Number of protein chains: 2
Amino acid sequence: MTTINDIAKMANVSRTTVSRVLNNNGYVSEDVRKRIMQIVEETGYIPSLSAKSLRTKKSGVIGVIIPRIDTETASRVVSGINEVVAKGNFQILLTDTELDKQKEIEYIRLLQSRHVDGIILLATNVNDQLIATIKDVELPFISLGQDLPGVTSILYDDYHASVDVTNMLLSKGYEKVAFIGVSEEDPSVGRLRKKGYVDAMASRGYNFDESWIETGDFSIESGYEAMKKIIKNSRGELPSAVFVVTDRMAIGAMEYLREQGYRIPEDMAVVGIGASTMSRYVTPSLTTVDYFNKEAGHRAAELLIQQIKQKKEAEKFVQTYRLIKRDSV
Amino acid sequence: MTTINDIAKMANVSRTTVSRVLNNNGYVSEDVRKRIMQIVEETGYIPSLSAKSLRTKKSGVIGVIIPRIDTETASRVVSGINEVVAKGNFQILLTDTELDKQKEIEYIRLLQSRHVDGIILLATNVNDQLIATIKDVELPFISLGQDLPGVTSILYDDYHASVDVTNMLLSKGYEKVAFIGVSEEDPSVGRLRKKGYVDAMASRGYNFDESWIETGDFSIESGYEAMKKIIKNSRGELPSAVFVVTDRMAIGAMEYLREQGYRIPEDMAVVGIGASTMSRYVTPSLTTVDYFNKEAGHRAAELLIQQIKQKKEAEKFVQTYRLIKRDSV
DNA sequence: ATTGTGTGTGTAATCGATTCCATATTAATA
DNA sequence: TATTAATATGGAATCGATTACACACACAAT
């Protein structure tokens, strides 16, 4: 590998001058600049970013921590992040926790040791150790999708989206709305979305059966199983609609209903959240909520880059959402 | 940030000794080792990987170049790669070309300057400049999905998969098989898959109309448009089946057929490639080919890590595939 | 003639690790 | 007892960049 010293020698100047040319600062005569640039071209020299990073404490890399890449939500977010950071000549160092909470913390440390300029975290849970670690690393930090105290967070409006969905169902005359959620360890998807449902039901004076509420684990299969349980448990009084907090689980639920010969939406309406590509192409097409994941990624990246440029107070941003009405309701 | 020097000072030893403890090599007394470890714990010290990388010429990072993250194929591959490299304590530096050929080359250079230990490339095209660049960087390198001369490549068996799909359709009595492909600039998806179709048709003695062949750009919409064109162009003699080289485009084609009131598969059978999640949940479920993308990712990562450990000659590996028969045929 | 300012370039310290080499102590072997 | 080997530690060079500081020169202003 050619180094800055090699270039300097070949151009008969000091490495300082070469550095000046490369970084476009300080005074350099046009003559020398040209000579150096030519040698750089010829040799195909590329500066070592490890060395640069060691010296400048900046890496041009931003760390992204996600629970799983192979979900549409995550890949959309990452795509959004990438579009923005690439413009700022940053790269993404991607880490995937595979839903392991402990790894969220480990990876924050790891990214710190790699001198990333900032971190975007898609957390699946919130706990004190996590918050403490984030504080401790003292890096520009964005939480996407979970409200982390003291940390700039970009939030989906889980509560209101959930209220809207439930109200929409109630308004359409589906009085008996079942619910498939996820573990309440996940404050956004688990707790808030459920709270929205519960509150909306209560405020409209509908009482609902506990047996209408089931929990899945984000997978299609778990949606299928949850639907099965709901049907099994509620013999006698079948719900007329089911609100599922993710599209994938909703697809699973639909699958079960289809298998059992229930018509959607005549026998049971189904609503999901996520606006997955699939939701549009299943039959019947699935009513869902678009969370604009890619835009959230954009936003996160923009905010992070701002923070990298100058430190800021923690802020909270709530993304808009949009109810997409389709044929499953 | 605490550095190795701080630790050394606190423990009253030289930084050499600290380094020995941290890297578990050379002789260190149990006494000193414990003392150092305790201080490391207390301070939460993490070694600077930039410094380490500068000195050792290894970064523990592997570069991944993909055409788009927000496709199921790519995210599965990345997930597969991640599962393997994470075990070896590597991280992924992700770059997304957004289908820009020139960026493939740029990113190889960039990753080189970041001292990645190796690169996995999901190329969309093959050209001399690309090959030359790969040769030039002299890094462990894996091409996934395209056969790059002189480069270790993991290949999907596009040709035979395509032959099989076509034969399967012909055997089932669909004699008039239309085809929706992509640009032949993409040797694997564009050229090989088409060749498989053409050869299979020819070898069975079926002649086919050029008007049955259309080209899309991987998007669902382009599949829709291609299907529309085929139907429009072939008035009089409608094909009885359509072989679409990606699931997404196949879904688009199905959408058009449904809209126009054609029954699938009675009026027109449809086959895709990719085994996307969607393919299973659309109605009718889509017959497709599973390319085992995640496993391909595993394989790529394993090979890369092997190559990082010791340089090897370029090899070619062909992945298996599996025809998944569903209701669209 | 002197001082100041804008240019242009180089010397050397620095970032935080690893590692070669030297040295000291202790234990084992001849 | 002398010699060798194993164990334990430190000094200093090194990786490849950036940057504070110093210096030299040209030209304008005083």
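Just so it is clear, the structure is predicted and the values come from calculations on it, not from any experiment. Note on naming: letters A, B, ... go to the chains in the order of the sequence lines (proteins, then strands), and numbering restarts at 1 for each one.
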How would you list, by chain and number, every residue that makes a side-chain contact (heavy atoms from CB on, under 4.5 Å) with [X], sequence neighbours excluded?
X	answer
A/E302	A/V84, A/H298
B/S29	B/D31, B/V32
B/E98	A/N82, A/E83, B/D96, B/K103

Any side-chain donor near an acceptor of the partner, A/Q91 and B/T95, under 3.5 Å: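 There is no such pair (donor and acceptor under 3.5 Å, judged by atom type) between the side chains of A/Q91 and B/T95.
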With each end axis built from five pairs of C1' atoms, what bend angle do you get for the helix from C/dA1-D/dT30 to C/dA30-D/dT1? Round to 10°.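 Nearest ten degrees gives 50° for this helix.
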Of all the heavy-atom pairs spanning [X] and [Y], show the shortest one and how long it is.
X	Y	result
A/I65	A/E104	CD1-O, 4.0 Å
A/D117	A/K58	OD1-CA, 3.4 Å
A/P187	A/T124	CD-O, 4.1 Å
B/Y45	B/T2	CD1-O, 3.4 Å

Expressed in angstrom and rounded to an integer, what is the separation of B/K58 atom NZ from C/dT19 atom C1'?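 Computing the B/K58:NZ to C/dT19:C1' distance gives 14 Å.
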Return yes when atom CG of A/N25 has more than 12 non-hydrogen atoms of other residues, nucleotides or ligands closer than 6.0 Å, and no otherwise.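 Yes, enclosed.
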I need a per-nucleotide contact map over nucleotides 7-18 of chain D, read 5' to 3'. Cutoff is protein heavy atoms under 4.0 Å; write B for the base, S for backbone only, - otherwise. BBBBBBBBBBBB
Stepwise, does the salt bridge (Lys or Arg N to Asp or Glu O under 4.0 Å) test hold for A/R299 with A/E295? CA-CA 6 Å; A/R299 192 102 175 255; A/E295 286 69 21; over 6 Å; no
Contacts under 3.5 Å, N or O only, protein and nucleotides 24-29 of chain C:
none

